[in-house]
Number of protein chains: 2
Amino acid sequence: MSDLLERLRGRGWRLTAQRRVVAEVLDSGEHVHLTADEVHGRAAARLPEISRATVYNTLGELVSLGEVLEFSADGRAKRYDPNARHAHQHLVCSGCGSIRDVHIAGDPMGALPESESAGYALEGVEMTFRGLCPDCRAKRGA
Amino acid sequence: MSDLLERLRGRGWRLTAQRRVVAEVLDSGEHVHLTADEVHGRAAARLPEISRATVYNTLGELVSLGEVLEFSADGRAKRYDPNARHAHQHLVCSGCGSIRDVHIAGDPMGALPESESAGYALEGVEMTFRGLCPDCRAKRGA
DNA sequence: CTGTATGCAAAACGTTTGCAACAGC
DNA sequence: GCTGTTGCAAACGTTTTGCATACAG
């Protein structure tokens, strides 16, 4: 519920029924790390004739606009994270693949010494922690 | 040149011509962040009848054995990093996609507060910096 | 009215699988 | 000789593309 649509309209984003539905799915606040196909599924529930291609197009644009974060936790399908406005990291369960947003102490960007990034124009960092979640520990770790 | 083969033999790894070639490609020291397909290409240069499936199998095993790191910098093809024995991070150019190994100051794992990983059995962290490399800055950034 | 977004279906891409033949130990 | 590995080709899941149509501005 972060007025994604509001912001997009303000940027002169051409608003169609399909785009609205995609934005609403992402903005619904609850299901946070959807794959493109999951987004399509939820979008199609509200607007049955929406095509996969449109969902891919729209997601790609939202990523370019910086409104949505794209990342891949497992090399398979990319996931889309509507929580692009607050810096955060991910904690992925190596058992079930579930993804949690987490927050680290300092600024991860600052961890890279100047000497290592010499000549580069740094833009961002991605940080992904991996581990077994409590549920999977109970089942596997025994 | 880190005696990957030596180590694998020591672990009772069944050594075939194909596996040797794959290990040699990864161990050749120079081309560091190959995709599975690139590995296959280089392997096939030495042993033409090697199949893609075998390369995938072998890479998967090397990853399980902890000898090779698997990561995806772009959501497309996975990349294989033979430098699994020394902790390091990646710096990816958002222009040309080139990948550099970099090293940060502290221990990235320690950056995650206990409260955030409560109940989890942490296993590792991945850290990827993004930015424009000097070449791409010259061409694009103007 | 114009340009852009859409739907469809097909293709591209990376990866996995099933299975018979084969080869290391 | 037993067992695990290989090659092949086909299947798979995800994403991209080309093109004619529809619609927001």
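The analysis underlying the following values was restricted to heavy atoms, covering all of them including side chains, and did not include hydrogens, waters or symmetry mates. Predicted model only: the values in this text are computed from it and were never measured. A note on names: the letters A, B, ... follow the listed sequences, proteins ahead of strands, and every chain is numbered from 1.
- A side-chain N or O of A:S94 and one of B:E123 form a donor-acceptor pair less than 3.5 Å apart.
- The side chain to side chain contact (heavy atoms under 4.5 Å, CB included) test with A:V22 singles out one residue from A:T16, A:T54, A:I50, and that residue is A:I50.
- Nearest to the side chain of B:Y56, among D:dT6, D:dT15, C:dT16, sits C:dT16.
- Note: A:E61 CD to A:R19 CZ = 4.0 Å, rounded to the nearest 0.5 Å.
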*Could you walk me through whether B:W13 and B:L65 pass the side chain to side chain contact (heavy atoms under 4.5 Å, CB included) check?*
CA-CA 10 Å; B:W13 206 49; B:L65 289 169; 3.9 Å; yes

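- D:dT16 atom C1' lies 15 Å from atom NE2 of A:H40, rounded to whole Å.
- Atom NZ in A:K78 sits roughly 12 Å away from atom C1' in C:dG14 (whole-Å rounding).
- We find that B:R11 and B:E67 are joined by a salt bridge, their nearest charged nitrogen and carboxylate oxygen being less than 4.0 Å apart.
- Under the 4.5 Å side-chain heavy-atom criterion for grouping Ile, Leu, Val, Met, Phe, Trp and Tyr, A:F129 is not connected to A:V92 through any hydrophobic cluster.
- Map B:R76 and A:R76 each onto its nearest nucleotide of DNA chain C; the residue landing nearer the 5' end is B:R76.
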What's touching nucleotides 21-25 of chain D from the protein side, N or O pairs under 3.5 Å?
unit_1: D:dC23; atom_1: O2; unit_2: A:R14; atom_2: NH2; d: 3.4
unit_1: D:dA24; atom_1: O3'; unit_2: A:L15; atom_2: O; d: 3.3
unit_1: D:dA24; atom_1: N3; unit_2: A:R14; atom_2: NH2; d: 3.3
unit_1: D:dG25; atom_1: OP1; unit_2: A:L15; atom_2: N; d: 3.3

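- Contact between the side-chain N/O atoms of B:R19 and the OP1/OP2 oxygens of C:dG24 is not found at any separation under 4.0 Å.
- In this structure, A:L62 places its CG atom 12 Å from P of C:dA5, rounding to the nearest Å.
- Distance check, rounded to the nearest 0.5 Å: CG of B:N57 to CZ of B:R52 gives 13.5 Å.
- B:D37 has its CG atom 11 Å from the P atom of C:dC13, to the nearest Å.
- Inspection of the B:D81 and B:H88 side chains reveals an N or O donor paired with an N or O acceptor under 3.5 Å.
- Taking atom CG of A:N57 as the reference point, atom P of D:dG18 lies 12 Å away to the nearest angstrom.
- The distance between atom CG of B:L8 and atom P of D:dT5, rounded to the nearest whole Å, is 13 Å.
- Distance CZ (A:R79) to C1' (D:dT15): 15 Å, rounded to an integer number of Å.
- We find that CD of B:E38 is positioned 14 Å from P of C:dC13, with the value rounded to whole Å.
- Linking ILVMFWY side-chain heavy atoms closer than 4.5 Å, directly or via other members, places A:V102 and B:I104 in a single hydrophobic cluster.
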Using atom names, set out every protein N or O paired with an N or O of nucleotides 7-12 of chain C below 3.5 Å, distance rounded to 0.1 Å.
unit_1: C:dG7; atom_1: OP1; unit_2: A:Q18; atom_2: NE2; d: 2.9
unit_1: C:dG7; atom_1: OP1; unit_2: A:E49; atom_2: O; d: 3.1
unit_1: C:dG7; atom_1: OP2; unit_2: A:S51; atom_2: N; d: 3.0
unit_1: C:dG7; atom_1: OP2; unit_2: A:S51; atom_2: OG; d: 3.4
unit_1: C:dG7; atom_1: OP2; unit_2: A:T54; atom_2: OG1; d: 2.8

